[in-house]
Amino acid sequence: MLATGLALTAQFSQAAEENSSWLALSKKELKKVETYATGYKDFIHKARTEISFVDETVKLVEAQGFKPLKSDSVLTPGARFYDVNRGRAMNLIVIGEKPLTQGVRIVGSHIDSPRIELKGRPLYEKEGFALVQTYIHGGIKNYQWVNIPLALVGHVDKKDGSRVKISIGLDADDPVFMVPDLAPHVDQEYRKRSNREVIKKEELDAIIASKPGKKSKVKQQVIAYLKAEYGISLADLVSAELALVPAMKPRDVGIDRALIAAYGQDDKLAAYASVKAILEQETPEYTAMAFLVDNEEVGNINNTGAKSTYLVDLISEMLYLNKGGDYNDHFLRQALKNTKVISTDVNPGVNPNWPGVWDLGNAPRLGQGVNLKLYGGGFNANSEYIAWTRSYLDKADILWQTSTYKGKASGGTIGSSLSKDNMEVIDFGVPVLSIHSPYALSSKVDIYSLYRAMSAFYRY
């Protein structure tokens, strides 16, 4: 049995090398991969949360001629619009030649990522340190978030309607914050904790200050700093959205620089690709939309998540702009039924240290391009839509692979929320290592392939 297992492993390893997307690229294409990767790293360093992602995207697309969708906008073929939902979700739109009732081409991605958030009344003092109480957004392994530099990002909304933006830790000269771990010299009583309990959620409180004043404790020093620097009080933090995110910049990995290590690649990797792909659409046959949505990591909830009516409402508004008084719900239902969607999100790739967690014959590997997610259990796209997807990927010479979890059926990301409105939806993305950790790994050639796949989808 051991010999057979080793032979199979060798067989799959050889197949992995032979199917590498790197080997299919010309020198010119390799330069494009590097150019794309550089832009991607610069963007996600600034776009740490859904709000900053929306802000950075608005800057990017306005420079490319996109304008806000308004009640008097004229939807002529080739017109370029964007629409922002409460600063936390948005759509980019390029009007196509065919009527909206014949369907839309939508790429949907989520722009929130797992992180540590501050509670409404976070500040307290303990053992001479000022700390902030926290909870988590999304699924993380708590122990991965200690002993690393953290940045504090977000905003505070005040009762007078003003908003104060905060970003500390991303610039090279900024201070950072940290959740300290126990040293091995004193942790004997804690060593029997299980994997997920090595650090408990309530132990992810970060140090933000430690120097008292001559006549005040550390906590009072922090309160005074917030007042002097930002004009905010402790009470204002109740109406704040502040997060602690990894402060490390994206970096190349390996002597060949083939991989990227960065925070937030789930799923800003796919969201950035959808933005870049729609920017190059001029006048597509079908109206193209990039749907960037919040709160996937916590169940697609709230009015900025995929379960809200925002996307359908927006398509309805676009139909109304075209048809005016002739608009009725039947037109909307026609448009939704004829719409095709890619729900894009990253997924775990084969880890060389733990290949056994995958059925290797159905496993996605870094460097082998986009992967179609075949979940099983009723979660798959229908076979005819999968065949249609294979067709445009092959015509565009985009390498693809498939992904199925070992021994179970499992659905994911925002696709099910969109398919309930009778749109045709398929899930695909690219494999990533160390998902939901502070510093995940992606392949440059995969993220470039995903962008090309989205561009081909918009045109097909």
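Note that the structure is a prediction, hence the values are computed from the model and not measured.
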Without swapping roles, check the side chain of [X] against the backbone of [Y] for a donor-acceptor pair under 3.5 Å.
{"X": "R48", "Y": "H45", "result": "yes"}
{"X": "S239", "Y": "K158", "result": "no"}
{"X": "K373", "Y": "D345", "result": "yes"}

Item to check | Stepwise salt bridge (Lys or Arg N to Asp or Glu O under 4.0 Å) check, E62 with R80 | outcome: CA-CA 10 Å; E62 283 188 340; R80 299 152 78 85; over 6 Å; no

Item to check | Pair F81 + F66: ring centers closer than 6.0 Å | outcome: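 Centroid separation for F81 and F66: 6.0 Å or greater.
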
Checklist entry - Under 6.0 Å between the ring centres of W358 and Y405? => result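 So the answer is yes for these two rings.
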
How many angstroms lie between [atom1] in [X] and [atom2] in [Y], if you round to the nearest 0.5 Å?
{"X": "L372", "Y": "R390", "atom1": "CG", "atom2": "CZ", "result": "9.0 Å"}
{"X": "T389", "Y": "D427", "atom1": "OG1", "atom2": "CG", "result": "11.0 Å"}
{"X": "L314", "Y": "I93", "atom1": "CG", "atom2": "CD1", "result": "4.5 Å"}
{"X": "I223", "Y": "I232", "atom1": "CD1", "atom2": "CD1", "result": "11.0 Å"}
{"X": "S274", "Y": "L450", "atom1": "OG", "atom2": "CG", "result": "8.5 Å"}
{"X": "L75", "Y": "L319", "atom1": "CG", "atom2": "CG", "result": "9.0 Å"}

Specify the closest pair of heavy atoms between [X] and [Y], including all atoms of both residues, with the distance to one decimal.
{"X": "M454", "Y": "A270", "result": "CE-O, 3.4 Å"}
{"X": "W22", "Y": "S443", "result": "NE1-OG, 3.9 Å"}
{"X": "A290", "Y": "I278", "result": "N-CD1, 3.6 Å"}
{"X": "V253", "Y": "A261", "result": "CG2-CB, 3.6 Å"}
{"X": "T413", "Y": "E296", "result": "CA-OE2, 3.1 Å"}
{"X": "A151", "Y": "A247", "result": "N-CB, 3.9 Å"}

Any side-chain heavy atom of [X] sitting closer than 4.5 Å to one from [Y]?
{"X": "R251", "Y": "I260", "value": "no"}
{"X": "D446", "Y": "V370", "value": "no"}
{"X": "D112", "Y": "T49", "value": "no"}
{"X": "Q221", "Y": "Y225", "value": "no"}
{"X": "L204", "Y": "V146", "value": "yes"}
{"X": "L69", "Y": "L321", "value": "yes"}
{"X": "N371", "Y": "N347", "value": "yes"}
{"X": "K165", "Y": "D55", "value": "yes"}

Donor on one side chain, acceptor on other, [X] and [Y], under 3.5 Å:
{"X": "S21", "Y": "Q368", "value": "no"}
{"X": "N85", "Y": "T304", "value": "no"}
{"X": "H110", "Y": "N300", "value": "no"}
{"X": "K268", "Y": "S113", "value": "yes"}
{"X": "D205", "Y": "Y124", "value": "yes"}
{"X": "E280", "Y": "Y451", "value": "yes"}

Has [X] got more than 12 heavy atoms of other residues, nucleotides or ligands less than 6.0 Å from its [atom1]?
{"X": "K201", "atom1": "NZ", "result": "no"}
{"X": "E282", "atom1": "CD", "result": "no"}
{"X": "D173", "atom1": "CG", "result": "no"}
{"X": "K249", "atom1": "NZ", "result": "no"}

Next on the checklist: A cation-pi test, strictly: NZ or CZ of R105 under 6.0 Å from the centre of the six-membered ring of Y286 and no more than 45 degrees from its axis. Yes or no?
Outcome noted: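 Ring-cation test returns yes.
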
Next on the checklist: Looking at F331, I'd like to know if the NZ or CZ of K323 sits under 6.0 Å from its six-membered ring centre while staying within 45 degrees of the ring's axis.
Outcome noted: yes

Next on the checklist: Does V33 form a side-chain contact (heavy atoms from CB on, under 4.5 Å) with K31? I'd like the steps, not just the answer.
Outcome noted: CA-CA 5 Å; V33 169; K31 288 182 179 179; over 6 Å; no

Next on the checklist: The test is salt bridge (Lys or Arg N to Asp or Glu O under 4.0 Å); show your working for R333 and D329 and say whether it passes.
Outcome noted: CA-CA 6 Å; R333 299 302 148 190; D329 188 66; 3.4 Å; yes

Checklist entry - Where do E34 and K444 land on the side-chain contact (heavy atoms from CB on, under 4.5 Å) test, with the steps shown first? => result CA-CA 7 Å; E34 288 298 330; K444 291 180 180 179; 2.9 Å; yes

Between [Y] and [X], is the closest basic N to carboxylate O distance under 4.0 Å?
{"X": "E285", "Y": "K98", "result": "yes"}
{"X": "K200", "Y": "E203", "result": "no"}
{"X": "E241", "Y": "R163", "result": "no"}

Item to check | CA sep, side-chain torsions, deciding dist, call: E297, H436, side chain to side chain donor-acceptor pair (under 3.5 Å) | outcome: CA-CA 10 Å; E297 297 294 355; H436 284 206; 3.2 Å; yes

Item to check | Test side chain to side chain donor-acceptor pair (under 3.5 Å) applied to S442 and Q265, step by step | outcome: CA-CA 8 Å; S442 66; Q265 300 203 71; 2.6 Å; yes

Checklist entry - What's the verdict on salt bridge (Lys or Arg N to Asp or Glu O under 4.0 Å) for R115 and E117, showing C-alpha distance, side-chain angles and the deciding distance? => result CA-CA 6 Å; R115 58 180 180 252; E117 295 183 336; 2.9 Å; yes

Next on the checklist: Tell me whether the rings of Y327 and Y320 are parallel (<30°), tilted (30 to 60°) or perpendicular (>60°).
Outcome noted: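 Geometry flag for Y320 against Y327: perpendicular rings.
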
Checklist entry - Between Y40 and Y272, how do the two ring planes meet: parallel, tilted or perpendicular, split at 30° and 60°? => result tilted

Checklist entry - Can you list the steps and then say if L374 with N362 is a side-chain contact (heavy atoms from CB on, under 4.5 Å)? => result CA-CA 9 Å; L374 303 180; N362 289 280; 5.9 Å; no

Next on the checklist: With side-chain contact (heavy atoms from CB on, under 4.5 Å) as the criterion, how do I166 and V153 come out once you've worked through the C-alpha distance, each side chain's angles and the decisive distance to 0.1 Å?
Outcome noted: CA-CA 5 Å; I166 295 176; V153 297; over 6 Å; no

Checklist entry - Do Y460 and W388 pass the ring pair (Phe, Tyr, Trp, His ring centres under 6.0 Å) test, and can you show the C-alpha distance, the side-chain angles, and the key distance before you say yes or no? => result CA-CA 10 Å; Y460 196 58; W388 185 87; 5.0 Å; yes

Next on the checklist: Let's go through R88 and E50 carefully: what are the C-alpha distance in whole Å and the side-chain angles of both, what is the deciding distance for salt bridge (Lys or Arg N to Asp or Glu O under 4.0 Å) to 0.1 Å, and is it a yes or a no?
Outcome noted: CA-CA 5 Å; R88 297 162 181 84; E50 59 278 1; 5.4 Å; no

